[in-house]
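Before any comments, here is the structure.
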Number of protein chains: 2
Amino acid sequence: MSQASYRTIQTEVRRRIQSREWPAGQIIPSEVELAREFDCARATINRALRELAQTGLLDRRRKAGTRVSLNPTRKATLDIPIIRLEVENRGQTHRHQIIAREHLPVPDHLAARMNAPRDAQMLHLKTLHLADDQPFLFEDRWINPTTIPDILNAPLDDISANEWLVQNVPISRGDITLTAQPATENDAGTLDVPSGTALFVIERLTWIGDSAVTSVRLAYAPGYQLSTQI
Amino acid sequence: MSQASYRTIQTEVRRRIQSREWPAGQIIPSEVELAREFDCARATINRALRELAQTGLLDRRRKAGTRVSLNPTRKATLDIPIIRLEVENRGQTHRHQIIAREHLPVPDHLAARMNAPRDAQMLHLKTLHLADDQPFLFEDRWINPTTIPDILNAPLDDISANEWLVQNVPISRGDITLTAQPATENDAGTLDVPSGTALFVIERLTWIGDSAVTSVRLAYAPGYQLSTQI
DNA sequence: CAGTTTATTATGTGCAGACATAATATTAAT
DNA sequence: ATTAATATTATGTCTGCACATAATAAACTG
């Protein structure tokens, strides 16, 4: 090995794991030994292995050494998409209409989850997203104006709350739940499907520090699929 | 700033982004300038910023510099779980029963997706996973014995195919699709729910290099939710 | 022998310096 | 003015070295 690049080292390490030259659970040579083998600095080996450990392929512990992860599951990523782009990437045209926009005291169960006082006033938005004028997604959102005062001046008729928030609010954390739910009467009327239809639903609660930003329920029209790679 | 650690630098950079001291889309000072400000080596700044860029918070380009990502979508991770552990983590006891286990020519649409010849013989397994003896998950799986000959000797009555594969096959890639589907007659009978019930379904195709390992459809009983953090 | 202290060791982090590379900005040429 | 050659610059990567830290192994002690 004369080519000493952390990328080629990563490729070779992955190959050895896949070929079971280095079986799952087994300890691999130390950084110093690998540096000798690949004829490079230890820092280079360190970077290669550190990144592989970040992806979950390796487990590393001081003194104990580096071993092939027993459960080498690589991790797929889910992001918070801008719905307009999601639609446009399918080659369709996006449009949204605001169904409701009101200031209401937040329901108790949400107040608790959002770490807000009971009966806190929040902005409640119901938005229907359309793809080629067909219902695509029903968005039911509560926004905490205490955390995000700017939202009150946002042009939400032009830019959907989803898009405005993704672009303007640097969130620090979010809890995401994916479920299948039968369409409620409300869902059914809005998305124009029979009541009880299987809907793909994403519920998401996002935070800046310890302050809740927004809680949203996204109910997708039938046929939607969320795809990702691992 | 006298504390020169890549972690404290990351924290400070995150703070500046969240406080909009560095607004989205704006270019931030160069590594050399930051190294001067934080009184550390450029390599330290480089590592701090490089890792933040990996998470999607920053965009970096040679010569152009580093800017705050316009769409700072942090990424949630989804892994391939061991179903037994998923059940046990809920405090329930796991059991599985094999409903069908046969060698069949793979259906055409799967052969194409799995990059296999038409009518290739594969191992077809249908497994019901139970949590506290209640139906939890219906697993319908095709395994390519060309890629994984060992599977034929696996004790699949004791260890579910899911668990055996996760622990024994270091996959290199997987395509995952999440959907909501109405229960088919088959789903309904197996999971003991009315036909048409909204089911959360995961479909997954995994690979070693260019060889398909297995294609699986996981239909969860109602009430299941997949949770993650961003 | 159990429990405690002390070495040892593999990884973690940091530095200064060097050269590579991609992208932009500038200059020269047509 | 448009195009092509050249300089500049910010990030990318690597090296060799140093010291820190956590975890284990070894030695010691009652």
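Bear in mind that the values here come from a model prediction, so they are computed numbers and not experimental data. In the text below, chain A, chain B and the rest are named by the order of the sequence lines, each starting its count at 1.
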Between [atom2] on [N] and [atom1] on [X], what's the gap in Å once rounded to a whole number?
| X | N | atom1 | atom2 | answer |
| --- | --- | --- | --- | --- |
| A:R60 | C:dT9 | CZ | P | 18 Å |
| A:L58 | C:dA10 | CG | P | 17 Å |
| B:E31 | C:dA16 | CD | P | 15 Å |
| B:D59 | D:dA10 | CG | C1' | 15 Å |
| A:F38 | D:dT13 | CZ | P | 17 Å |
| B:L49 | C:dG14 | CG | P | 13 Å |
| A:I45 | C:dT13 | CD1 | C1' | 17 Å |
| A:R67 | C:dA10 | CZ | P | 13 Å |

**Prompt:** Side chain of B:R204, backbone of B:I176: donor and acceptor closer than 3.5 Å?
**Reply:**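 Checking the backbone N and O of B:I176 against the side chain of B:R204, no donor-acceptor pair under 3.5 Å is found.
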Looking only at atom types and distance, does a side-chain atom of B:D132 sit under 3.5 Å from a main-chain N or O of B:T93, one as donor and one as acceptor?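 It does hold such a pair.
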- Message: Between A:E163 and A:S160, do the side chains contain a donor N or O and an acceptor N or O under 3.5 Å apart?
- Response: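 Absent: no donor and acceptor within the cut-off.
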Closest to side chain of B:T66, choosing from C:dA23, D:dT11, D:dG16
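Given the options C:dA23, D:dT11, D:dG16, the side chain of B:T66 is closest to D:dT11.
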Exercise. D:dG12, D:dT13, D:dT15: which one has an atom nearest the side-chain heavy atoms of A:Y6?
Worked result: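 Between D:dG12, D:dT13, D:dT15, the one nearest the side chain of A:Y6 would be D:dT13.
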* Should we count CZ of B:R7 as having more than 12 external heavy atoms under 6.0 Å? ->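 It does not: B:R7 CZ has 12 such atoms or fewer within range.
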- Task: Return yes when atom CZ of A:R113 has more than 12 non-hydrogen atoms of other residues, nucleotides or ligands closer than 6.0 Å, and no otherwise.
- Result: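 Not more than 12 within 6.0 Å, no.
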Taking the nucleotide of DNA chain D with the closest heavy atom to each, which residue, B:A43 or B:V32, is nearer the 5' end?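 The 5'-side residue here is B:V32.
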* Write down the atom of A:V87, the atom of A:A131, and the distance for their closest heavy-atom approach. =>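 The pair with the smallest heavy-atom distance is CG1-CB, 3.6 Å.
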Does [X] put a side-chain nitrogen or oxygen below 4.0 Å from OP1 or OP2 of [N]?
| X | N | value |
| --- | --- | --- |
| A:N46 | C:dT13 | no |
| B:R61 | C:dT24 | yes |
| B:R50 | D:dT11 | no |
| A:R47 | D:dT13 | yes |
| A:S30 | C:dT9 | no |
| A:T44 | D:dT13 | no |

Determine, stepwise, if the pair B:D150 / B:N168 fulfils side chain to side chain contact (heavy atoms under 4.5 Å, CB included). CA-CA 9 Å; B:D150 292 359; B:N168 290 277; over 6 Å; no
Table of protein N/O atoms under 3.5 Å from nucleotides 20-22 of chain C N/O atoms:
residue: C:dT21; atom: O4'; partner: B:R62; partner atom: NH1; Å: 3.4
residue: C:dT21; atom: O3'; partner: B:R62; partner atom: NH1; Å: 3.1
residue: C:dT21; atom: O2; partner: B:R62; partner atom: NE; Å: 3.4
residue: C:dA22; atom: O4'; partner: B:R62; partner atom: NH1; Å: 3.4

